[in-house]
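Scope of the values below: all heavy atoms of this structure, side chains included, with no hydrogens, waters or symmetry mates.
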Amino acid sequence: MNLARLAPLVTLTTTAFLISSCGLPATAGRQGQSASERSFAKQARSAEPLDPAFFARREVEARAPRAFSLMPEAQVGLRAMEAEAITARSSLLGALKAQPDLLASIRRFPTLTWEQRLSILRAVFALECRTLEITPPELVISTTEIKGPAYFDFDPARPGTGRVILNPEAIARDPNPWTGLLLLIHETRHSAQFQLAFSEAAVGTSAYDPDQPRRLRRENYRAAFIAQKAFSKDLNFGDFCSLNHEYDAFRFGNFIVGAITDWKADTLDMGCFSSQFDGHGAPRIDLVKLGNLVGYEMLLDVFNELEREQYRLLKGAN
């Protein structure tokens, strides 16, 4: 589906209007809710039933609150995550632009054969690993390892690089021609997160790290990977996409492919709106700004209200 036909979509401007029209103060980081915030949260939950298979659920995410980008306990780490991600995304985009032949091939990606696309995917994989300064994980191209199009295979009990797995048959069945590239960048980003989360400092006798932002990122990612392994079957779409590492990886892939394609690539089903960008490269939902605007305790409820638009669009696309 062409995102140009989906306008108008929710942006932070819409968010600001929504919140201000409800009379909420723009106060950040509070641990409690004001009477007006509680009133709006009640309205948000009762205005229209939320599909439990799609929207984020507080009772589920509260089982591991540090693991989810919508929970108050994750917010300080979320800001550290995004600060690093901005730099990392810029570095990878710059590295791609420094290779004009590769960049030109990427822009022709939808018109290429699988063999041609595979060559590009391998090149982008190698460049992303170098740019993120990580040990390259095993890249597995197989039609039998997984049923879906892509997966990051990891085990918190056995720290390492993990494995990036792509299924060419499943990717070919997806009508979006950018799916292979979006997921390759996404899954490789997971390896960087995993290597940080389960580095020696994280699993050794001392977890002390004088670099506080690095420590905060590591703790958020570590909590998310552990939560995914512990109760992945209990997660719906919104919960899964709100795991810290999924939020960041979707955002990472969507940004890189979006910037390369002048924000024309279809990413509607690549994570929630918090991981997506509009036709001008602005976040559809900026969790950091939204949390500052409504307070951390309100973030999940207001996010769900804004996610109603993506829900309607995805239902219309099916």
- If you measure from the Lys or Arg side-chain nitrogens to the Asp or Glu carboxylate oxygens, is any gap between Glu309 and Arg284 under 4.0 Å?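 Arg284 and Glu309: not salt-bridged.
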
- Item | NZ/NE/NH1/NH2 to OD/OE distance under 4.0 Å, Arg58 and Asp301 |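 Asp301 and Arg58: salt-bridged.
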
- Task: Output every pair passing side-chain hydrogen bond (donor to acceptor under 3.5 Å, both in side chains) with a member in residues 164-173, not counting sequence neighbours, ordered by first then second residue.
- Result: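 Every candidate side-chain hydrogen bond (donor to acceptor under 3.5 Å, both in side chains) pair involving residues 164-173 fails, so no pair, neighbours aside, qualifies.
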
Given 3.5 Å as the limit, does a donor-acceptor pair link the side chain of [X] with the main chain of [Y], or not?
{"X": "Arg222", "Y": "Leu196", "answer": "no"}
{"X": "Ser69", "Y": "Ser242", "answer": "yes"}
{"X": "Asp278", "Y": "His280", "answer": "yes"}

Give me the atom names and distance for the closest heavy-atom approach of [X] to [Y].
{"X": "Pro213", "Y": "Ala80", "answer": "O-CB, 3.7 Å"}
{"X": "Pro65", "Y": "Glu73", "answer": "CB-OE1, 3.3 Å"}
{"X": "Met71", "Y": "Gln75", "answer": "O-NE2, 2.8 Å"}
{"X": "Arg66", "Y": "Asn244", "answer": "O-ND2, 2.8 Å"}

Do [X] and [Y] have side-chain heavy atoms sitting under 4.5 Å apart?
{"X": "Asn304", "Y": "Tyr311", "answer": "no"}
{"X": "Phe273", "Y": "Leu268", "answer": "yes"}
{"X": "Leu166", "Y": "Leu121", "answer": "yes"}
{"X": "Leu299", "Y": "Pro72", "answer": "no"}
{"X": "Tyr296", "Y": "Leu78", "answer": "no"}

With sequence neighbours excluded, tell me which residues meet side chain to side chain donor-acceptor pair (under 3.5 Å) with [X].
{"X": "Asn236", "result": "none"}
{"X": "Gln193", "result": "His190, Asp248"}
{"X": "Glu187", "result": "none"}
{"X": "Gln116", "result": "Thr113"}

- List for me each residue that meets ring pair (Phe, Tyr, Trp, His ring centres under 6.0 Å) alongside Tyr247, sequence neighbours excluded, and say none if there are none.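 For Tyr247 there are no ring pair (Phe, Tyr, Trp, His ring centres under 6.0 Å) partners, ignoring immediate neighbours.
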
- Report the residues that fulfil ring pair (Phe, Tyr, Trp, His ring centres under 6.0 Å) with Phe125, sequence neighbours left out, ordered by chain and then residue number.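 Partners of Phe125 under the ring pair (Phe, Tyr, Trp, His ring centres under 6.0 Å) test: none.
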
- Query: Taking the six-membered ring for Trp, are the ring centroids of Phe252 and His186 within less than 6.0 Å of each other?
  - Reply: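 Ring centroids of Phe252 and His186 are no less than 6.0 Å from each other.
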
- Give a yes-or-no answer on whether the side chains of Ser191 and Gln195 include a donor-acceptor pair shorter than 3.5 Å.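 Side-chain D/A pair, Ser191 to Gln195: present.
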
Which pairs of donor and acceptor atoms, one on a side chain in residues 85-92, lie under 3.5 Å apart (sequence neighbours left out)?
residue, atom, partner, partner atom, Å
Arg89, NH2, Glu82, OE2, 3.0
Ser91, OG, Thr87, O, 3.0

- Item | Member of Asp269, Asn254, Asp266 meeting the side chain to side chain contact (heavy atoms under 4.5 Å, CB included) criterion with Leu182 |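 Per the side chain to side chain contact (heavy atoms under 4.5 Å, CB included) rule, the option paired with Leu182 is Asn254, out of Asp269, Asn254, Asp266.
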
- Task: Using the salt bridge (charged side-chain N to carboxylate O under 4.0 Å, His left out) rule, pick out the option among Arg218, Arg189, Arg215 that qualifies with Glu84.
- Result: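 Going through the options one by one, the only one that passes is Arg189.
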
- Task: I would like to know whether Phe198 and Arg158 meet side-chain contact (heavy atoms from CB on, under 4.5 Å); could you show each step before the answer?
- Result: CA-CA 9 Å; Phe198 294 92; Arg158 302 176 63 184; over 6 Å; no

- Query: With sequence neighbours left out, what residues match Leu93 under side-chain contact (heavy atoms from CB on, under 4.5 Å)?
  - Reply: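 Leu93 satisfies side-chain contact (heavy atoms from CB on, under 4.5 Å) with Lys97, Phe255, Ile256, Ala259, Ile260 only.
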
Check: residues 98-105 side-chain donor-acceptor pairs under 3.5 Å, at least two apart:
residue, atom, partner, partner atom, Å
Ser105, OG, Asp101, O, 3.1

- Message: Listing request: all ring-ring contact (aromatic ring centres under 6.0 Å, His included) pairs with a residue in residues 62-97, at least two apart in sequence or in separate chains.
- Response: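 As it turns out, there is no ring-ring contact (aromatic ring centres under 6.0 Å, His included) pair with a partner in residues 62-97 once direct neighbours are skipped.
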
- salt bridge (Lys or Arg N to Asp or Glu O under 4.0 Å) involving Glu138 - partner list, sequence neighbours excluded: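 Testing Glu138 for salt bridge (Lys or Arg N to Asp or Glu O under 4.0 Å), a comparison that skips the adjacent residues, returns none.
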
- Task: Using ring-ring contact (aromatic ring centres under 6.0 Å, His included) as the criterion, point out the one residue from Phe225, Phe152, Phe194, Phe250 that pairs with His245.
- Result: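 Exactly one candidate clears the test, Phe225.
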
